[in-house]
Enquirer: 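Got a structure for you, written out below as C-alpha coordinates; questions coming shortly.
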Amino acid sequence: MLDMPAIRQDLKTVYDLAPNPDLAAQMSAEYARMSRVVSPVDWAIHAPYVAAINALKRERNATILAHNYMTPEIYHGIADVVGDSLQLAVEATRTSADVIVQCGVHFMAETSKILNPAKIVLMPDMAAGCSLAESITATGVAEMRAKYPGAPVVSYVNTTAEVKAASDICCTSSNAVQIIRALDADTIIMTPDKYLAQNVAAQVPEKRIVWWDGSCIVHEQYTAQDIRDFRDWNPGTRIIAHPECPPDVVAEADFSGSTKGILDYVSAERPERAMLVTECSMASNISDAHPDVEFIGPCNMCPYMKKITLEKVLWSLHTMTTQVEVAPDIADKARLAVQRMIDLSAASN
(Lines give C-alpha, C1' and ligand atoms only; values in the text may rest on other atoms or scores of the structure.)
Protein backbone atom coordinates (compact mmCIF):
# COMPACT_ATOMS: atom_id res chain seq x y z
CA MET A 1 0.00 0.00 0.00
CA LEU A 2 1.30 3.44 -0.93
CA ASP A 3 2.28 5.79 1.90
CA MET A 4 0.45 8.82 0.54
CA PRO A 5 1.49 11.31 3.27
CA ALA A 6 5.14 10.47 2.61
CA ILE A 7 4.60 10.66 -1.15
CA ARG A 8 2.97 14.08 -0.88
CA GLN A 9 5.82 15.36 1.24
CA ASP A 10 8.37 14.01 -1.22
CA LEU A 11 6.64 15.63 -4.20
CA LYS A 12 6.27 19.01 -2.48
CA THR A 13 10.03 19.24 -2.02
CA VAL A 14 10.50 19.16 -5.80
CA TYR A 15 7.32 20.52 -7.40
CA ASP A 16 5.07 23.50 -6.71
CA LEU A 17 1.72 21.73 -6.52
CA ALA A 18 -0.35 24.37 -4.75
CA PRO A 19 -3.62 25.31 -6.48
CA ASN A 20 -2.74 27.88 -9.12
CA PRO A 21 -5.52 29.86 -10.88
CA ASP A 22 -2.98 31.71 -13.05
CA LEU A 23 -1.44 28.47 -14.32
CA ALA A 24 -4.93 27.05 -14.84
CA ALA A 25 -5.77 30.06 -17.02
CA GLN A 26 -2.59 29.58 -19.04
CA MET A 27 -3.62 25.96 -19.66
CA SER A 28 -7.01 26.86 -21.05
CA ALA A 29 -6.57 24.60 -24.09
CA GLU A 30 -6.26 21.55 -21.86
CA TYR A 31 -9.17 22.71 -19.71
CA ALA A 32 -11.44 23.21 -22.73
CA ARG A 33 -11.51 19.44 -23.25
CA MET A 34 -13.04 18.82 -19.83
CA SER A 35 -14.72 22.08 -18.82
CA ARG A 36 -18.21 20.58 -18.90
CA VAL A 37 -17.40 18.15 -16.10
CA VAL A 38 -14.46 19.73 -14.21
CA SER A 39 -15.10 22.98 -12.34
CA PRO A 40 -12.66 25.95 -12.62
CA VAL A 41 -11.80 25.49 -8.94
CA ASP A 42 -10.92 21.83 -9.47
CA TRP A 43 -8.92 22.68 -12.58
CA ALA A 44 -6.83 25.15 -10.55
CA ILE A 45 -6.02 22.20 -8.27
CA HIS A 46 -5.26 19.79 -11.12
CA ALA A 47 -3.29 22.14 -13.39
CA PRO A 48 0.03 22.09 -11.43
CA TYR A 49 0.03 18.28 -11.51
CA VAL A 50 -0.82 18.17 -15.21
CA ALA A 51 1.97 20.66 -16.01
CA ALA A 52 4.52 18.75 -13.90
CA ILE A 53 3.59 15.37 -15.40
CA ASN A 54 3.69 16.61 -18.99
CA ALA A 55 7.12 18.17 -18.42
CA LEU A 56 8.42 15.00 -16.78
CA LYS A 57 7.09 12.88 -19.66
CA ARG A 58 9.33 14.78 -22.05
CA GLU A 59 12.30 14.42 -19.73
CA ARG A 60 11.82 10.66 -19.33
CA ASN A 61 10.75 10.01 -22.95
CA ALA A 62 7.57 8.53 -21.53
CA THR A 63 4.12 7.96 -22.97
CA ILE A 64 0.90 7.66 -20.98
CA LEU A 65 -1.70 5.10 -22.02
CA ALA A 66 -5.07 5.83 -20.40
CA HIS A 67 -8.17 3.69 -20.40
CA ASN A 68 -11.57 5.20 -21.13
CA TYR A 69 -12.50 4.76 -17.45
CA MET A 70 -9.87 7.19 -16.19
CA THR A 71 -11.00 10.49 -14.64
CA PRO A 72 -11.22 13.50 -17.01
CA GLU A 73 -8.12 15.26 -15.67
CA ILE A 74 -6.07 12.15 -16.56
CA TYR A 75 -7.93 11.31 -19.77
CA HIS A 76 -7.76 14.83 -21.20
CA GLY A 77 -4.89 16.36 -19.24
CA ILE A 78 -1.96 13.96 -19.48
CA ALA A 79 -2.82 10.97 -21.68
CA ASP A 80 -0.99 10.49 -24.98
CA VAL A 81 -3.20 7.58 -26.02
CA VAL A 82 -6.73 6.86 -24.81
CA GLY A 83 -8.93 3.91 -25.63
CA ASP A 84 -10.28 0.53 -24.69
CA SER A 85 -8.17 -2.51 -23.86
CA LEU A 86 -7.62 -3.47 -27.51
CA GLN A 87 -6.63 0.05 -28.57
CA LEU A 88 -4.16 0.35 -25.69
CA ALA A 89 -2.66 -3.08 -26.42
CA VAL A 90 -2.18 -2.17 -30.09
CA GLU A 91 -0.67 1.22 -29.26
CA ALA A 92 1.68 -0.41 -26.75
CA THR A 93 3.26 -2.28 -29.68
CA ARG A 94 3.75 0.95 -31.65
CA THR A 95 5.24 3.35 -29.14
CA SER A 96 8.84 4.49 -29.49
CA ALA A 97 8.92 5.81 -25.92
CA ASP A 98 11.38 4.38 -23.42
CA VAL A 99 8.79 4.43 -20.62
CA ILE A 100 5.11 3.48 -20.65
CA VAL A 101 2.89 4.74 -17.84
CA GLN A 102 -0.28 2.69 -17.66
CA CYS A 103 -3.29 4.62 -16.40
CA GLY A 104 -5.70 1.77 -16.00
CA VAL A 105 -5.50 -1.41 -13.98
CA HIS A 106 -2.72 -3.90 -13.35
CA PHE A 107 -3.50 -6.42 -16.08
CA MET A 108 -3.20 -3.60 -18.64
CA ALA A 109 0.29 -2.75 -17.39
CA GLU A 110 1.22 -6.43 -17.59
CA THR A 111 -0.04 -6.52 -21.18
CA SER A 112 2.11 -3.51 -22.07
CA LYS A 113 5.14 -5.19 -20.48
CA ILE A 114 4.44 -8.46 -22.27
CA LEU A 115 4.39 -6.63 -25.59
CA ASN A 116 7.40 -4.44 -24.71
CA PRO A 117 9.77 -6.54 -22.58
CA ALA A 118 12.68 -4.13 -23.10
CA LYS A 119 10.74 -1.03 -22.04
CA ILE A 120 10.04 0.28 -18.56
CA VAL A 121 6.33 -0.02 -17.72
CA LEU A 122 5.11 1.96 -14.73
CA MET A 123 1.92 1.25 -12.78
CA PRO A 124 1.08 4.28 -10.58
CA ASP A 125 -0.67 2.08 -8.00
CA MET A 126 -0.03 -1.66 -7.90
CA ALA A 127 -3.27 -2.08 -5.93
CA ALA A 128 -5.31 -1.10 -8.99
CA GLY A 129 -6.53 -4.60 -9.70
CA CYS A 130 -9.60 -6.01 -11.44
CA SER A 131 -12.41 -8.23 -10.18
CA LEU A 132 -12.38 -10.19 -13.44
CA ALA A 133 -8.64 -10.72 -13.45
CA GLU A 134 -8.80 -11.90 -9.86
CA SER A 135 -11.64 -14.35 -10.54
CA ILE A 136 -9.53 -16.91 -12.41
CA THR A 137 -6.07 -18.46 -12.28
CA ALA A 138 -4.12 -20.73 -14.63
CA THR A 139 -5.45 -23.62 -12.55
CA GLY A 140 -8.98 -22.55 -13.46
CA VAL A 141 -8.04 -22.57 -17.14
CA ALA A 142 -6.66 -26.10 -16.73
CA GLU A 143 -9.93 -27.17 -15.10
CA MET A 144 -11.90 -25.88 -18.07
CA ARG A 145 -9.59 -27.66 -20.52
CA ALA A 146 -10.08 -30.92 -18.62
CA LYS A 147 -13.85 -30.46 -18.69
CA TYR A 148 -13.94 -29.67 -22.41
CA PRO A 149 -11.03 -31.57 -24.03
CA GLY A 150 -9.78 -30.07 -27.27
CA ALA A 151 -11.72 -26.82 -26.93
CA PRO A 152 -9.59 -23.68 -27.45
CA VAL A 153 -9.43 -21.20 -24.60
CA VAL A 154 -10.25 -17.56 -25.35
CA SER A 155 -9.38 -15.39 -22.38
CA TYR A 156 -10.59 -11.84 -21.99
CA VAL A 157 -7.71 -9.40 -21.88
CA ASN A 158 -8.93 -8.60 -18.34
CA THR A 159 -6.76 -11.41 -16.97
CA THR A 160 -3.34 -11.84 -15.43
CA ALA A 161 -0.27 -12.67 -17.50
CA GLU A 162 -0.36 -16.17 -16.01
CA VAL A 163 -3.88 -16.75 -17.34
CA LYS A 164 -3.02 -15.30 -20.75
CA ALA A 165 -0.05 -17.68 -20.90
CA ALA A 166 -2.38 -20.61 -20.23
CA SER A 167 -4.78 -19.55 -23.00
CA ASP A 168 -4.78 -19.99 -26.76
CA ILE A 169 -5.82 -16.46 -27.67
CA CYS A 170 -7.07 -13.32 -25.95
CA CYS A 171 -10.03 -11.12 -26.78
CA THR A 172 -11.54 -7.80 -25.76
CA SER A 173 -15.17 -6.78 -25.69
CA SER A 174 -14.66 -5.07 -29.05
CA ASN A 175 -13.30 -8.10 -30.90
CA ALA A 176 -14.71 -11.10 -29.01
CA VAL A 177 -17.29 -11.92 -31.69
CA GLN A 178 -14.61 -11.69 -34.41
CA ILE A 179 -12.28 -13.97 -32.47
CA ILE A 180 -14.92 -16.61 -31.75
CA ARG A 181 -16.17 -16.70 -35.34
CA ALA A 182 -12.65 -17.06 -36.69
CA LEU A 183 -11.70 -20.06 -34.54
CA ASP A 184 -11.93 -23.47 -36.20
CA ALA A 185 -13.72 -25.21 -33.36
CA ASP A 186 -17.30 -26.10 -32.50
CA THR A 187 -16.87 -25.72 -28.73
CA ILE A 188 -14.97 -22.74 -27.36
CA ILE A 189 -14.06 -21.91 -23.76
CA MET A 190 -14.33 -18.26 -22.75
CA THR A 191 -12.84 -16.95 -19.53
CA PRO A 192 -13.43 -15.29 -17.17
CA ASP A 193 -16.48 -13.08 -17.87
CA LYS A 194 -19.65 -15.15 -18.02
CA TYR A 195 -21.77 -12.23 -19.19
CA LEU A 196 -19.49 -11.31 -22.07
CA ALA A 197 -19.47 -15.00 -23.05
CA GLN A 198 -23.27 -15.20 -22.94
CA ASN A 199 -23.66 -12.01 -24.96
CA VAL A 200 -21.19 -13.28 -27.55
CA ALA A 201 -22.95 -16.65 -27.68
CA ALA A 202 -26.18 -14.88 -28.62
CA GLN A 203 -24.40 -13.35 -31.63
CA VAL A 204 -22.57 -16.53 -32.69
CA PRO A 205 -25.23 -19.26 -32.35
CA GLU A 206 -23.30 -21.60 -34.64
CA LYS A 207 -20.69 -22.09 -31.89
CA ARG A 208 -21.04 -23.78 -28.53
CA ILE A 209 -19.55 -21.38 -26.01
CA VAL A 210 -18.86 -22.47 -22.44
CA TRP A 211 -17.63 -20.09 -19.80
CA TRP A 212 -15.98 -19.49 -16.47
CA ASP A 213 -18.18 -18.05 -13.71
CA GLY A 214 -16.65 -14.57 -13.40
CA SER A 215 -18.09 -11.06 -13.69
CA CYS A 216 -17.20 -7.36 -13.38
CA ILE A 217 -18.16 -5.71 -10.09
CA VAL A 218 -19.25 -2.59 -11.98
CA HIS A 219 -21.34 -4.06 -14.78
CA GLU A 220 -22.95 -6.88 -12.81
CA GLN A 221 -24.74 -4.30 -10.64
CA TYR A 222 -27.10 -3.27 -13.43
CA THR A 223 -30.40 -5.13 -13.81
CA ALA A 224 -33.00 -5.30 -16.57
CA GLN A 225 -35.58 -3.84 -14.18
CA ASP A 226 -33.27 -0.87 -13.61
CA ILE A 227 -33.27 -0.23 -17.34
CA ARG A 228 -37.04 -0.58 -17.66
CA ASP A 229 -37.59 1.76 -14.72
CA PHE A 230 -35.18 4.28 -16.18
CA ARG A 231 -37.05 4.27 -19.50
CA ASP A 232 -40.29 4.97 -17.64
CA TRP A 233 -38.69 7.88 -15.78
CA ASN A 234 -36.76 9.25 -18.77
CA PRO A 235 -38.64 8.47 -21.99
CA GLY A 236 -36.71 9.04 -25.20
CA THR A 237 -33.30 8.40 -23.63
CA ARG A 238 -30.96 6.22 -25.71
CA ILE A 239 -29.66 3.41 -23.50
CA ILE A 240 -26.21 2.09 -24.38
CA ALA A 241 -24.81 -0.95 -22.55
CA HIS A 242 -21.40 -2.59 -22.29
CA PRO A 243 -21.35 -6.35 -23.06
CA GLU A 244 -19.98 -7.11 -19.59
CA CYS A 245 -23.52 -6.40 -18.39
CA PRO A 246 -25.92 -9.33 -17.85
CA PRO A 247 -27.64 -10.48 -21.08
CA ASP A 248 -31.10 -9.29 -19.98
CA VAL A 249 -29.63 -5.79 -19.46
CA VAL A 250 -28.07 -5.87 -22.94
CA ALA A 251 -31.42 -7.04 -24.35
CA GLU A 252 -33.14 -3.97 -22.88
CA ALA A 253 -30.57 -1.55 -24.33
CA ASP A 254 -30.76 0.28 -27.65
CA PHE A 255 -27.13 -0.56 -28.38
CA SER A 256 -24.39 -2.68 -26.84
CA GLY A 257 -20.69 -2.35 -27.51
CA SER A 258 -17.18 -2.05 -26.14
CA THR A 259 -16.00 1.27 -24.79
CA LYS A 260 -14.76 2.16 -28.28
CA GLY A 261 -18.04 0.94 -29.74
CA ILE A 262 -19.95 3.15 -27.31
CA LEU A 263 -17.84 6.17 -28.27
CA ASP A 264 -18.36 5.51 -31.97
CA TYR A 265 -22.10 5.02 -31.51
CA VAL A 266 -22.56 8.30 -29.62
CA SER A 267 -20.44 10.16 -32.18
CA ALA A 268 -22.46 8.77 -35.10
CA GLU A 269 -25.95 8.90 -33.61
CA ARG A 270 -25.74 12.10 -31.52
CA PRO A 271 -28.79 11.23 -29.41
CA GLU A 272 -30.43 14.09 -27.54
CA ARG A 273 -30.07 12.16 -24.28
CA ALA A 274 -28.02 9.08 -23.51
CA MET A 275 -27.46 6.76 -20.59
CA LEU A 276 -24.23 4.79 -20.69
CA VAL A 277 -24.64 1.52 -18.82
CA THR A 278 -20.99 1.15 -17.95
CA GLU A 279 -18.35 2.77 -15.72
CA CYS A 280 -19.46 6.35 -15.30
CA SER A 281 -16.22 8.12 -16.24
CA MET A 282 -17.03 7.22 -19.85
CA ALA A 283 -19.76 9.86 -20.01
CA SER A 284 -17.55 12.44 -18.29
CA ASN A 285 -14.71 11.90 -20.75
CA ILE A 286 -16.79 12.35 -23.90
CA SER A 287 -19.22 15.00 -22.72
CA ASP A 288 -17.21 18.04 -23.87
CA ALA A 289 -16.80 16.55 -27.33
CA HIS A 290 -20.56 16.05 -27.52
CA PRO A 291 -22.14 19.24 -26.13
CA ASP A 292 -25.40 18.44 -27.91
CA VAL A 293 -25.84 15.18 -25.97
CA GLU A 294 -27.19 15.17 -22.42
CA PHE A 295 -25.62 12.32 -20.47
CA ILE A 296 -27.77 11.19 -17.58
CA GLY A 297 -27.30 8.60 -14.79
CA PRO A 298 -26.65 6.05 -13.47
CA CYS A 299 -23.07 6.13 -12.21
CA ASN A 300 -21.25 2.99 -11.09
CA MET A 301 -17.56 3.66 -10.48
CA CYS A 302 -14.77 1.11 -10.66
CA PRO A 303 -12.89 1.34 -7.34
CA TYR A 304 -9.76 -0.07 -8.99
CA MET A 305 -9.64 2.40 -11.87
CA LYS A 306 -10.16 5.26 -9.45
CA LYS A 307 -7.00 4.33 -7.56
CA ILE A 308 -5.05 6.01 -10.37
CA THR A 309 -4.70 9.74 -9.66
CA LEU A 310 -2.57 12.60 -10.96
CA GLU A 311 -0.65 12.54 -7.71
CA LYS A 312 0.27 8.88 -8.11
CA VAL A 313 1.17 9.30 -11.77
CA LEU A 314 3.54 12.14 -10.91
CA TRP A 315 5.16 10.16 -8.11
CA SER A 316 5.51 7.12 -10.38
CA LEU A 317 7.32 9.12 -13.06
CA HIS A 318 9.33 11.07 -10.49
CA THR A 319 10.71 8.01 -8.70
CA MET A 320 10.51 5.37 -11.46
CA THR A 321 9.90 2.82 -8.70
CA THR A 322 6.53 1.35 -9.67
CA GLN A 323 7.84 -0.86 -12.45
CA VAL A 324 5.83 -3.86 -13.62
CA GLU A 325 7.73 -7.07 -14.33
CA VAL A 326 6.55 -10.33 -15.89
CA ALA A 327 8.61 -13.52 -15.69
CA PRO A 328 10.13 -14.21 -19.14
CA ASP A 329 8.66 -17.71 -19.48
CA ILE A 330 5.16 -16.43 -18.65
CA ALA A 331 5.61 -13.36 -20.84
CA ASP A 332 6.65 -15.41 -23.87
CA LYS A 333 3.54 -17.59 -23.72
CA ALA A 334 1.22 -14.70 -22.90
CA ARG A 335 2.66 -12.67 -25.77
CA LEU A 336 1.55 -15.36 -28.22
CA ALA A 337 -2.05 -15.16 -26.98
CA VAL A 338 -2.14 -11.36 -27.09
CA GLN A 339 -0.39 -11.11 -30.47
CA ARG A 340 -2.77 -13.68 -31.97
CA MET A 341 -5.64 -11.44 -30.87
CA ILE A 342 -4.05 -8.34 -32.40
CA ASP A 343 -3.19 -10.13 -35.65
CA LEU A 344 -6.61 -11.74 -36.02
CA SER A 345 -8.37 -8.46 -35.28
CA ALA A 346 -6.29 -6.67 -37.90
CA ALA A 347 -6.94 -9.40 -40.48
CA SER A 348 -10.70 -9.19 -39.88
CA ASN A 349 -10.85 -5.42 -40.45
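Source: prediction; values computed, not measured.
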Enquirer: Scan side-chain atoms only and decide if Ser281 and Thr71 contain a donor-acceptor pair under the 3.5 Å cut-off.
Expert: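 Looking only at side-chain atoms, Thr71 and Ser281 do not form any donor-acceptor pair under 3.5 Å.
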Enquirer: Distance check, rounded to the nearest 0.5 Å: Asn158 atom CG versus Lys164 atom NZ?
Expert: 7.5 Å
Enquirer: How long is the straight-line distance from CG of Asn116 back to CZ of Arg335, given to the nearest 0.5 Å?
Expert: 9.0 Å
Enquirer: Side-chain contact, heavy-atom cut-off 4.5 Å: Met144 with Val141?
Expert: no
Enquirer: For the OH atom of Tyr49 and the CG atom of Leu17, what is their distance to the nearest 0.5 Å?
Expert: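 Tyr49 atom OH to Leu17 atom CG measures 4.5 Å (nearest 0.5 Å).
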Enquirer: Would you call the rings of Trp43 and Tyr31 parallel, tilted or perpendicular if under 30° counts as parallel and over 60° as perpendicular?
Expert: parallel
Enquirer: With the threshold set at 4.0 Å, does a side-chain nitrogen-carboxylate oxygen contact exist between Arg340 and Asp343?
Expert: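 Salt bridge absent between Arg340 and Asp343.
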Enquirer: Thinking salt bridges, do Arg94 and Glu91 make one under a 4.0 Å N-O criterion?
Expert: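 Between Glu91 and Arg94 there is a salt bridge, with a charged N closer than 4.0 Å to a carboxylate O.
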Enquirer: Heavy atoms only: give me the nearest Val157-Ser85 pair and the separation to one decimal.
Expert: CG1-CB, 3.3 Å
Enquirer: Can you check side chain to side chain contact (heavy atoms under 4.5 Å, CB included) on Leu310 and Ile74, steps first, answer last?
Expert: CA-CA 7 Å; Leu310 289 174; Ile74 291 175; 3.9 Å; yes
Enquirer: Using the side chain to side chain contact (heavy atoms under 4.5 Å, CB included) rule, take Ile286 and Val293 through it: C-alpha gap first, then chi angles, then the decisive distance, then the call.
Expert: CA-CA 10 Å; Ile286 65 175; Val293 179; over 6 Å; no
Enquirer: Could you tell me whether the side chain of Ile227 reaches within less than 4.5 Å of the side chain of Met275, counting heavy atoms only?
Expert: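 Touching, per the 4.5 Å side-chain cut-off.
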Enquirer: State, with a plain yes or no, whether a side-chain heavy atom of Glu220 is found less than 4.5 Å away from one of Ile217.
Expert: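 A side-chain contact exists here, since the closest heavy-atom pair is under 4.5 Å.
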Enquirer: Could you check Asp264 against Lys260 for salt bridge (charged side-chain N to carboxylate O under 4.0 Å, His left out), going step by step and ending with a plain yes or no?
Expert: CA-CA 6 Å; Asp264 291 345; Lys260 181 182 184 300; 2.7 Å; yes
Enquirer: May I ask you to check whether over 12 heavy atoms, not counting those of Lys119, lie within 6.0 Å of atom NZ?
Expert: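 Check passes, neighbour count above 12.
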Enquirer: For a quick check under 3.5 Å, do Glu244 and Tyr156 share a side-chain donor-acceptor pair by atom type?
Expert: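 A pair is found: one side chain offers a donor N or O, the other an acceptor, under 3.5 Å apart.
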Enquirer: Only counting residues at least two apart or in another chain, list the ones meeting salt bridge (Lys or Arg N to Asp or Glu O under 4.0 Å) with Lys306.
Expert: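 With neighbours one apart ignored, the set is Glu279.
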Enquirer: Examine the side chains of His290 and Ser267 and answer whether a donor and an acceptor come within less than 3.5 Å of each other.
Expert: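 Side chains of His290 and Ser267: pair found under 3.5 Å.
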Enquirer: Between Asp125 and Lys307, is there a side-chain N and carboxylate O pair less than 4.0 Å apart?
Expert: no
Enquirer: What do you reckon, is CG of Asp186 surrounded by more than 12 foreign heavy atoms closer than 6.0 Å?
Expert: no
Enquirer: Could you tell me which residues satisfy side-chain hydrogen bond (donor to acceptor under 3.5 Å, both in side chains) with Thr160, sequence neighbours excluded, listed by chain and number?
Expert: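 Thr160: no side-chain hydrogen bond (donor to acceptor under 3.5 Å, both in side chains) contacts found.
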Enquirer: Could you grab the distance from atom CG of Leu88 to atom CG of Leu65, nearest 0.5 Å is fine?
Expert: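 Result: 5.5 Å between the selected atoms.
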Enquirer: Is the number of heavy atoms from other residues, nucleotides or ligands within 6.0 Å of CE (Met126) greater than 12?
Expert: yes
Enquirer: Quick one: which residue pairs count as a side-chain hydrogen bond (donor to acceptor under 3.5 Å, both in side chains) with a foot in residues 139-148, not counting sequence neighbours?
Expert: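 Pairs touching residues 139-148 that pass the test: Arg145-Asp168.
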Enquirer: I'd like to check His242 versus Met282 (side-chain heavy atoms, cut-off strictly below 4.5 Å). Are they in contact?
Expert: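 No, side chains not in contact.
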Enquirer: Is Cys103 close to Val313 at the side-chain level, that is, under 4.5 Å between some pair of heavy atoms?
Expert: yes
Enquirer: Describe, in one word, how the ring planes of Phe255 and Tyr265 are oriented to each other, choosing from parallel (under 30°), tilted (30 to 60°) and perpendicular (over 60°).
Expert: parallel
Enquirer: Under 3.5 Å, side chain of Arg33 to main-chain N/O of Pro72, donor-acceptor pair present?
Expert: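 Such a contact is absent between Arg33 side chain and Pro72 backbone.
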Enquirer: Looking at Ile78, Leu56, Thr322, which hits side-chain contact (heavy atoms from CB on, under 4.5 Å) with Leu317?
Expert: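 Passing option: Leu56.
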Enquirer: Can you give me the closest heavy-atom contact between Thr237 and Arg231, atom names plus distance?
Expert: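 The answer is O-NH1, 3.7 Å.
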Enquirer: Counting C-beta onward and ignoring hydrogens, is there a side-chain heavy-atom pair between Lys312 and Met4 closer than 4.5 Å?
Expert: yes
Enquirer: Any side-chain heavy atom of Val81 within less than 4.5 Å of one from Gln87?
Expert: no
Enquirer: For the atom pair OG (Ser155) and CH2 (Trp212), what is the distance rounded to the nearest 0.5 Å?
Expert: 10.5 Å
Enquirer: Can you check whether Thr259 reaches Leu263 side chain to side chain, under 4.5 Å on heavy atoms?
Expert: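 Counting from C-beta outward, Thr259 and Leu263 never come under 4.5 Å.
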Enquirer: One pair to check against side-chain hydrogen bond (donor to acceptor under 3.5 Å, both in side chains): Tyr69 and Thr278. What are the steps and the verdict?
Expert: CA-CA 9 Å; Tyr69 295 166; Thr278 186; 2.9 Å; yes
Enquirer: I'd like to know if Asp232 pairs up with Arg228 as an ion pair, taking the criterion as any Lys NZ or Arg NE/NH1/NH2 lying under 4.0 Å from an Asp or Glu carboxylate oxygen.
Expert: no
Enquirer: Take Val324 and Gln102, measure what side chain to side chain contact (heavy atoms under 4.5 Å, CB included) needs, and give me the verdict at the end.
Expert: CA-CA 10 Å; Val324 171; Gln102 197 80 39; over 6 Å; no
Enquirer: Could you tell me whether the side chains of Asp229 and Gln225 share a donor-acceptor contact shorter than 3.5 Å?
Expert: yes
Enquirer: Got a sec: does the CD of Glu206 have more than 12 other heavy atoms crowding it under 6.0 Å?
Expert: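 Counting neighbours around CD of Glu206, more than 12 heavy atoms of other residues, nucleotides or ligands fall under 6.0 Å, so yes.
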Enquirer: For the residue pair Trp233 and Phe230, does the interplanar ring angle fall in the parallel (under 30°), tilted (30 to 60°) or perpendicular (over 60°) class?
Expert: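 The arrangement is perpendicular - the two ring planes meet at more than 60°.
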Enquirer: Looking at Pro205 and Ala202, what are the two nearest heavy atoms and their distance?
Expert: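 Shortest heavy-atom separation between Pro205 and Ala202 comes out as CD-O, 4.0 Å.
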Enquirer: For the residue pair Leu2 and Pro124, what are the closest heavy atoms and their distance?
Expert: CD1-O, 3.6 Å
Enquirer: Taking all atoms of both residues into account, what is the closest heavy-atom pair of Val266 and Pro271, and its distance?
Expert: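 Distance-wise, the nearest heavy atoms are O-CD, 4.0 Å.
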Enquirer: Look at the side-chain heavy atoms of Ile, Leu, Val, Met, Phe, Trp and Tyr, link any pair under 4.5 Å apart, and say whether Ile189 and Ile136 land in one connected group.
Expert: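 Yes, one cluster joins them.
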Enquirer: What residue among Asp10, Ile53, Leu314 forms side-chain contact (heavy atoms from CB on, under 4.5 Å) with Tyr15?
Expert: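 When Asp10, Ile53, Leu314 are each tested with Tyr15, the side-chain contact (heavy atoms from CB on, under 4.5 Å) holds only for Leu314.
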Enquirer: Quick check for you: to the nearest 0.5 Å, what is the distance between Met190 atom CE and Ile179 atom CD1?
Expert: 9.5 Å
Enquirer: Below 4.0 angstrom, N of the basic side chain to O of the carboxylate: do Lys194 and Asp213 qualify?
Expert: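 Here Lys194 pairs with Asp213 in a salt bridge, since their nearest N and O are under 4.0 Å apart.
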Enquirer: Which heavy atom in Thr223 sits nearest to a heavy atom in Val249, and how many Å separate them?
Expert: C-CG2, 3.4 Å
